[in-house]
**Student:** 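Here you go, one structure.
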Amino acid sequence: MRLGVNVDHIATLRNARGEAYPDPVEGAKIALQAGADGITAHLREDRRHIRDQDLQRLRQLPAPLNFEMAATDEMVELATTLRPHACCLVPERREELTTEGGLDVVGGLAKLQPKIDRLKEAGIRVSLFIDPTPQALEAAQKLGAPVVELHTGAYAGNHPGELKRLAHAAALGRDLGLEIHAGHGLTYENVQPIAAIPEIAELNIGHFLISQALFVGLGPAVTRMKDLMLSARS
């Protein structure tokens, strides 16, 4: 099981004062040394945290970069120039505090298909951030995306039945030939039941780890999370 560490909120803290620190790229290096398998960064249209130059520098690290992005022409153009290891298409609303749900892959098939095709032609591995429903998984397969990331926000919010729904979705995704990732709202307290789902290959975690880093340091926070994930599989 792999851990992708999202460094967005290191940039949030930097931008709050308009300083050059803390540097999300330095944070990424620490996370990788502590056991992270890759780095995730979301370049929002309003550039509220990660900025274009951050992505360019993150791309130079000797580790997979997962570029989270809205499915817009601007972001596709940036991605095909940057050519990260992977792009995860996510829904985005300017006024939201954080991603609120999965991408509408069922209603957005016609709009998403040419963007996914262009990313794949550039050699980028495409992931779709989706709700854990059969309809969304089947649409993702139809679109030709090799990877889906299941939205765990409702599970993290203690909604009844969500763990079972995620487990069923992961199994269905595997049967459809998809690689299964998961993320959103995961913490030390709730990560292990998700990590124990055998079909899930990767978790992407950010806000909690950056928050924990204020108290224990980023390296120890990442190491503990990775240890919890791996012990859930043993």
**Student:** What's in the same ILVMFWY side-chain cluster as L214, cut-off under 4.5 Å, chained through other members?
**Tutor:**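 Answer for L214: F215, V216.
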
**Student:** Filter on side-chain hydrogen bond (donor to acceptor under 3.5 Å, both in side chains), then keep only pairs touching residues 154-163, sequence neighbours left out; what's left?
**Tutor:**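 Residue pairs passing side-chain hydrogen bond (donor to acceptor under 3.5 Å, both in side chains), neighbours aside: E162-R165.
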
**Student:** Ring of Y21, cation from R14 - is the NZ or CZ under 6.0 Å from the centre and inside 45° of the axis?
**Tutor:**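 Negative - R14 is either too far from the ring of Y21 or too far off its axis.
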
**Student:** Using the test side chain to side chain contact (heavy atoms under 4.5 Å, CB included), find all partners of P64 that sit at least two apart in sequence or belong to another chain.
**Tutor:**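 Partners of P64 by the side chain to side chain contact (heavy atoms under 4.5 Å, CB included) criterion, ordered by chain and then number, come out as H85.
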
**Student:** Among pairs that include at least one residue of residues 167-177, which meet side-chain hydrogen bond (donor to acceptor under 3.5 Å, both in side chains), considering only residues two or more places apart or in two chains?
**Tutor:**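 Passing the test, one end in residues 167-177: R174-E199.
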
**Student:** Under the side chain to side chain contact (heavy atoms under 4.5 Å, CB included) rule, collect the residues that match up with A145, sequence neighbours excluded.
**Tutor:**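 Counting only residues at least two positions away or on another chain, A145 forms a side chain to side chain contact (heavy atoms under 4.5 Å, CB included) with V126, L128.
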
**Student:** State, without any angle test, whether E202 and N204 hold a side-chain donor-acceptor pair at a distance under 3.5 Å.
**Tutor:**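 Distance-only check passes for E202 and N204.
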
**Student:** Which residues pass the side chain to side chain donor-acceptor pair (under 3.5 Å) test with E26, sequence neighbours left out?
**Tutor:**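 Once residues adjacent in sequence are excluded, the partners of E26 under the side chain to side chain donor-acceptor pair (under 3.5 Å) criterion are K29.
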
**Student:** Given 3.5 Å as the limit, does a donor-acceptor pair link the side chain of Q192 with the main chain of L228, or not?
**Tutor:**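 At least one qualifying donor-acceptor pair exists.
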
**Student:** Before accepting this row, confirm whether a basic side-chain N of the pair R118/E77 lies closer than 4.0 Å to the acidic partner's carboxylate O.
**Tutor:**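 A salt bridge links R118 with E77.
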
**Student:** Residues two or more places apart in sequence or in another chain: which of them pass side chain to side chain donor-acceptor pair (under 3.5 Å) with D104?
**Tutor:**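 Partners of D104 by the side chain to side chain donor-acceptor pair (under 3.5 Å) criterion come out as none, since no residue qualifies.
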
**Student:** What pairs with R47 under side chain to side chain donor-acceptor pair (under 3.5 Å), at least two apart in sequence or on another chain?
**Tutor:**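 Expected list: D52, E74.
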
**Student:** Under the side chain to side chain contact (heavy atoms under 4.5 Å, CB included) rule, collect the residues that match up with L230, sequence neighbours excluded.
**Tutor:**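 Expected list: K226.
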
**Student:** Quick one: list whatever passes side chain to side chain contact (heavy atoms under 4.5 Å, CB included) with E121, sequence neighbours left out.
**Tutor:**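 Partners of E121 under the side chain to side chain contact (heavy atoms under 4.5 Å, CB included) test: D117.
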
**Student:** Is there any salt bridge (charged side-chain N to carboxylate O under 4.0 Å, His left out) pair reaching into residues 143-159, and which pairs are they, with sequence neighbours excluded?
**Tutor:**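 Qualifying pairs: none.
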
**Student:** With sequence neighbours excluded, what pairs up with Q33 under the side chain to side chain donor-acceptor pair (under 3.5 Å) test?
**Tutor:**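 Q33 satisfies side chain to side chain donor-acceptor pair (under 3.5 Å) with no other residue.
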
